[in-house]
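Accompanying notes for the structure given below.
Counting from 1, the numbers follow the sequence of the chain as shown. We count ligands from 1, going down the list as the structure has it; atoms in each ligand are counted the same way.
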Amino acid sequence: MSADVFDLTIIGAGPSGLFATFYAGLRQMKTKVIDALEEPGGQVAVLYPEKYIFDVPGYSKILAKDLVKCLIDQAFQYHAVVVLGERVTTLHKADGVFELGTDKGTKHYSKAILIAAGVGAFSPNRLEAKGAVDYEGRGVYYFVKDKSIFRDKNLLIVGGGDSAVDWALNIKDIAKKITLVHRRDVFRAHEGSVDELMKSNVDIRLFYEVKSVTGDGNKVTQAVVFDNRTKVETALDVDAVLVNIGFRADLGPIKDWGLQIDGREIRVNGKMETNIPGVYVAGDIAGPLDGVKLNLIATGYAQAALAVNVAKAYVDPNSKIFPGHSSEMKK
Ligand SMILES: Cc1cc2nc3c(=O)[nH]c(=O)nc-3n(C[C@H](O)[C@H](O)[C@H](O)COP(=O)(O)OP(=O)(O)OC[C@H]3O[C@@H](n4cnc5c(N)ncnc54)[C@H](O)[C@@H]3O)c2cc1C
């Protein structure tokens with residue numbers, strides 16, 4: 001096989017997958033981590049980045065987005081390969097090597113697999129306005145990879161959660177003008193950020209939704225928004241529409257991989273082994289056959305450490321499961 005074969009490929013870059021990435025590096029495994037999202041962090045990054053977490057070992061409290069930063073720093077110190085924006089859709093084994101297929105048509109090869117897929121692959125809720133699909137990536141965006149694309153532009157932001165408010169505050173000083181529409185008058189974002197937004201130069205339109213997005217065939221030029229109480233429409237000249245209206249999670253094709261699944265959980269034994277030798281599970285998606293299920297970050301960390309060390313001994317039978325103490329290892 002000419003393709004690059006990894007020792008361990010981790011599906012999911014939430015807290016469990018990120019900690020597993022670190023541990024696999026510590027065990028000198030050639031490691032890859034794949035996530036459906038464009039950014040690592042799983043539920044913590046997507047659902048509650050501005051909330052404090054009080055039950056992560058070592059921190060009396062930590063802001064969720066800061067925890068993600070720390071996890072990323074720790075995870076990638078051993079130079080694991082990270083693949084973002086690809087959802088793993090298939091898993092097969094041939095000649096002792098697993099082949100993973102993704103929704104982007106790519107293939108990934110690995111001796112062992114760790115599924116840390118949480119509550120499923122996250123994808124952004126799409127804007128259900130006429131023309132939005134036609135201009136996706138050409139003026140309609142769901143993620144910001146580089147905010148400089150909005151420099152001196154008229155930007156319409158859609159949403160009332162942390163992402164929408166944070167991006168409005170983050171981009172307001174480089175954009176020509178930002179209009180933010182939100183379908184209600186209550187924001188789900190952090191109170192302090194909402195206060196800052198209210199005092200800013202952002203044109204905020206509450207009870208407004210997007211009816212259509214139009215353009216010149218290549219790029220967006222206009223969006224029609226409407227007041228959902230009066231139905232009165234307003235046409236806005238815009239160069240870009242940034243949509244931040246939440247995410248949905250879906251376990252999807254994992255159910256077809258031949259694993260023992262119960263509801264939303266993959267059955268594992270105390271070594272985090274599944275019914276397929278070489279496939280391990282950690283985090284929210286793990287359903288211990290005989291044990292307590294606690295969907296917490298701390299539980300996912302412990303399961304990730306167990307799974308990686310057991311996988312190490314599977315990939316290299318001369319290795320011990322016990323990794324030794326990190327404090328006594330050379331970097
Ligand atoms: C509002 C809220 C508050 C919370 N507060 C706390 C708290 O205070 N303390 C605490 O301990 N826990 C808390 N939790 C729970 C905690 O966030 C989860 O237990 C934790 O995120 C689980 O981590 P994970 O890595 O197992 O899964 P996730 O965080 O769900 O990450 C899984 C990742 O896998 C990716 N993925 C899934 N399927 C695929 C696929 N097929 N291909 C590619 N990628 C895929 C997803 O896109 C996602 O990024 C909270 C949860 C919520 C919703």
Side-chain angles (χ1 to χ4, degrees), residues 9-23 32-68 71-72 75 82-91 98 100-104 106-108 110 113-124 142-143 161-162 188-190 246-257 259 261 264-266 268 272 279-288 292-308:
T9 297
I10 299 163
I11 303 171
S16 312
L18 288 172
F19 191 59
T21 304
F22 157 73
Y23 232 110
K32 184 184 273 185
V33 57
I34 306 172
D35 202 292
L37 280 174
E38 299 285 346
E39 54 173 332
Q43 292 171 54
V44 184
V46 161
L47 300 180
Y48 57 104
E50 296 288 347
K51 283 193 197 304
Y52 278 103
I53 307 175
F54 299 89
D55 56 352
V56 173
Y59 299 98
S60 51
K61 73 170 187 177
I62 183 163
L63 201 57
K65 65 182 180 188
D66 291 341
L67 178 66
V68 172
L71 280 164
I72 291 171
V82 60
V83 178
L84 296 173
E86 286 191 19
R87 176 185 182 145
V88 179
T89 50
T90 57
L91 177 144
F98 290 98
L100 300 177
T102 74
D103 61 350
K104 297 284 157 62
T106 55
K107 302 279 186 209
H108 303 273
S110 194
I113 303 291
L114 171 54
I115 305 175
V119 288
F122 279 105
S123 54
Y142 292 89
F143 296 98
D162 284 312
R188 278 174 289 108
H190 185 262
F247 290 84
R248 70 186 65 195
D250 176 18
L251 222 49
I254 294 178
K255 292 177 194 136
D256 307 324
W257 293 355
L259 294 156
I261 293 194
R264 302 182 69 88
E265 298 166 15
I266 301 172
V268 284
M272 310 317 291
V279 178
Y280 304 85
V281 173
D284 279 13
I285 198 168
V292 178
K293 176 149 176 67
L294 282 183
N295 284 352
L296 290 173
I297 294 164
T299 322
Y301 288 168
Q303 293 175 336
L306 283 170
V308 170

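- Between Arg87 and ligand 1, a contact under 3.5 Å exists for no N or O pair.
- On a distance-only criterion, Val88 and ligand 1 share at least one N/O pair closer than 3.5 Å.
- In this structure, Asp284 and Gln43 approach most closely via the heavy-atom pair OD2-NE2, 3.0 Å.
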- For Thr102 and Val83, run side-chain contact (heavy atoms from CB on, under 4.5 Å): C-alpha distance rounded to whole Å, both residues' side-chain angles, the deciding distance at 0.1 Å, then the answer. CA-CA 11 Å; Thr102 74; Val83 178; over 6 Å; no
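- Within ligand 1, the atoms closer than 4.0 Å to a non-hydrogen atom of Gly42 are 29 (O), 31 (O), 48 (C), 49 (O), numbered from 1 in the order shown.
- Considering backbone and side-chain N/O atoms, Ile53 never comes within less than 3.5 Å of an N/O atom of ligand 1.
- The two residues Ala298 and Asp55 come nearest to each other via the heavy atoms CB-O, 4.3 Å.
- No donor-acceptor distance shorter than 3.5 angstrom exists from the side chain of Thr9 to the backbone of Ser110, with no hydrogens or angles considered.
- Interface atoms of ligand 1 facing Asp55, defined by a heavy-atom separation under 4.0 Å, are 7 (C), 8 (O), 9 (N), 10 (C), 11 (O).
- Near Asn295, meaning under 4.0 Å from any of its heavy atoms, are these atoms of ligand 1: 15 (C), 19 (O).
- Counting the atoms of ligand 1 from 1 in the order shown, those under 4.0 Å from a heavy atom of Ile297 are 10 (C), 11 (O), 12 (N), 16 (C), 19 (O).
- Of all protein heavy atoms, the one lying nearest to atom 18 (C) of ligand 1 is Asp284 OD2, 3.4 Å.
- In this structure a side-chain-to-backbone donor-acceptor pair under 3.5 Å is present from Asp103 to Arg87.
- Nearest approach of Phe122 to Gly42, heavy atoms of both residues: CE1-C, 4.2 Å.
- No N or O atom of Ala298 sits closer than 3.5 Å to an N or O atom of ligand 1.
- Here is the list of ligand 1 atoms found below 4.0 Å of a heavy atom in Leu47: 53 (C).
- Residues Leu67 and Ile297 share a closest heavy-atom pair of CD2-CD1, 4.1 Å.
- Between Ser16, Gly283, Ala20, it is Ser16 that holds the heavy atom closest to atom 24 (P) of ligand 1.
- Between Trp257 and ligand 1, not a single N/O pair is under 3.5 Å apart.
- Protein heavy atom nearest atom 27 (O) of ligand 1, with residue, atom name and distance: Gly118 CA, 3.2 Å.
- Given atom 38 (N) of ligand 1, the protein heavy atom at minimum distance is Ala121 N, 3.2 Å.
- When only interatomic distances are considered, the shortest N/O to N/O separation between Gly41 and ligand 1 does not fall below 3.5 Å.
- Scanning all protein heavy atoms for the shortest distance to atom 43 (C) of ligand 1 gives Ala36 N, 3.3 Å.
- Between the side chain of Lys293 and the backbone N or O of Ala286 there is at least one donor-acceptor pair closer than 3.5 Å.
- The distance criterion of under 3.5 Å between nitrogen or oxygen atoms is met by Gln43 with respect to ligand 1.
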- Task: Take Phe98 and Leu91 through the test side-chain contact (heavy atoms from CB on, under 4.5 Å) and record every step on the way to the result.
- Result: CA-CA 7 Å; Phe98 290 98; Leu91 177 144; 4.2 Å; yes
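- For the ligand labelled ligand 1, residue Gly300 lies outside the 4.0 Å heavy-atom shell.
- Taking any N or O of Asp35, backbone or side chain, at least one lies under 3.5 Å from an N or O belonging to ligand 1.
- One option in Phe54, Tyr48, Tyr52, Phe19 has a heavy atom closer to atom 4 (C) of ligand 1 than any other, and that option is Tyr48.
- Considering all non-hydrogen atoms of both residues, Gly12 and Val33 come closest at O-CG2, 3.7 Å.
- What you find for Pro253 and Val88 is that their closest heavy atoms are CG-O, 4.2 Å.
- Only backbone heavy atoms of Ala116 (N, CA, C or O) come within less than 4.0 Å of ligand 1; its side chain stays farther off.
- In this structure, Tyr301 and Leu71 have side chains that are in contact, with non-hydrogen atoms separated by less than 4.5 Å.
- Under a 4.0 Å criterion applied to the non-hydrogen atoms of Glu86, ligand 1 contributes the atoms 43 (C).
- Considering only non-hydrogen protein atoms, atom 23 (O) of ligand 1 sits nearest to Pro15 CD, 3.5 Å.
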- Message: One pair to check against side-chain contact (heavy atoms from CB on, under 4.5 Å): Thr299 and Val292. What are the steps and the verdict?
- Response: CA-CA 10 Å; Thr299 322; Val292 178; over 6 Å; no
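- One N or O on the side chain of Lys104 and one on the backbone of Gly85 form a donor-acceptor pair closer than 3.5 Å.
- For the residues Gly12, Gly120, Ala304, the heavy atom positioned nearest atom 37 (C) of ligand 1 is part of Gly120.
- The structure places CH2 of Trp257 at 7.5 Å from OG1 of Thr89, a figure rounded to the nearest 0.5 Å.
- Near Phe122, the atoms of ligand 1 lying under 4.0 angstrom from a non-hydrogen atom of the residue are 46 (C), 47 (O), 48 (C).
- Contact annotation: for Thr299 versus ligand 1, there are no heavy atoms closer than 4.0 Å.
- A donor-acceptor pair under 3.5 Å is absent between the side-chain atoms of Ser16 and the main chain of Ala304, judged by distance alone.
- For ligand 1, the atoms sitting less than 4.0 Å from at least one non-hydrogen atom of Val119 are 30 (O), numbered in the order shown with element in parentheses.
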